[in-house]
Amino acid sequence: MSRKGNVIYCNNCGGRICTEEQKMKASFLTISKEWGYFSNRKDGTVHSMDICEACYDLLVESFAIPPVTEEITEYL
Ligand SMILES: [Zn+2]
């Protein structure tokens, strides 16, 4: 998680994504991972990060296997 005050920054490029108040209307990825006992020296820690949409697109392009994509029938 990269947040200063109420501003959310992209952990990858450091760019400003949006403010806390705007986050429901912004497109970005938030990952929060609780590492357990079977992890490699990260057990008992939580890693959180925010990734902007541009970095997400670059990240996904580098995948050997693309993410599963499904149509959302009901938007929130
Ligand atoms: Zn970024």
Side-chain angles (χ1 to χ4, degrees):
M1 183 156 37
S2 185
R3 297 180 187 194
K4 289 175 201 144
N6 74 336
V7 179
I8 301 168
Y9 294 91
C10 173
N11 282 79
N12 188 54
C13 68
R16 181 188 188 280
I17 297 173
C18 64
T19 64
E20 267 312 318
E21 295 76 42
Q22 296 167 325
K23 78 174 177 184
M24 294 314 289
K25 289 180 181 172
S27 282
F28 63 103
L29 175 70
T30 299
I31 300 171
S32 184
K33 170 64 182 170
E34 243 178 74
W35 292 100
Y37 181 75
F38 297 104
S39 69
N40 184 18
R41 285 175 288 154
K42 291 184 285 296
D43 48 312
T45 61
V46 180
H47 291 188
S48 302
M49 64 198 81
D50 298 302
I51 306 293
C52 76
E53 192 173 6
C55 288
Y56 173 84
D57 289 343
L58 288 174
L59 179 70
V60 166
E61 270 178 36
S62 74
F63 284 3
I65 301 169
V68 175
T69 305
E70 290 172 78
E71 297 284 328
I72 304 166
T73 48
E74 247 181 78
Y75 283 98
L76 296 176

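In this text the structure is predicted, and so the values were computed from the model without any measurement. For ligands, and for the atoms within them, numbers begin at 1 and follow the listed sequence.
Taking SG of Cys10 as the start and CZ of Arg16 as the end, the distance is 13.5 Å to the nearest 0.5 Å. Between atom CD of residue Gln22 and atom CE of residue Met24 there is a gap of 13.0 Å, rounded to the nearest 0.5 Å. The NZ atom of Lys33 sits 8.0 Å away from the OG atom of Ser39 when rounded to the nearest 0.5 Å.
The two residues Trp35 and His47 make their nearest non-hydrogen contact at NE1-ND1, 3.2 Å. Residues Lys23 and Cys18 share a closest heavy-atom pair of CA-SG, 3.8 Å. Of all heavy-atom pairs spanning Asp50 and Phe28, the tightest one is OD1-CE1, 3.6 Å.
Shown are the protein N/O/S atoms under 2.8 Å from the Zn ion (ligand 1), given by residue and atom: Cys10 SG, Cys13 SG, Cys52 SG, Cys55 SG.
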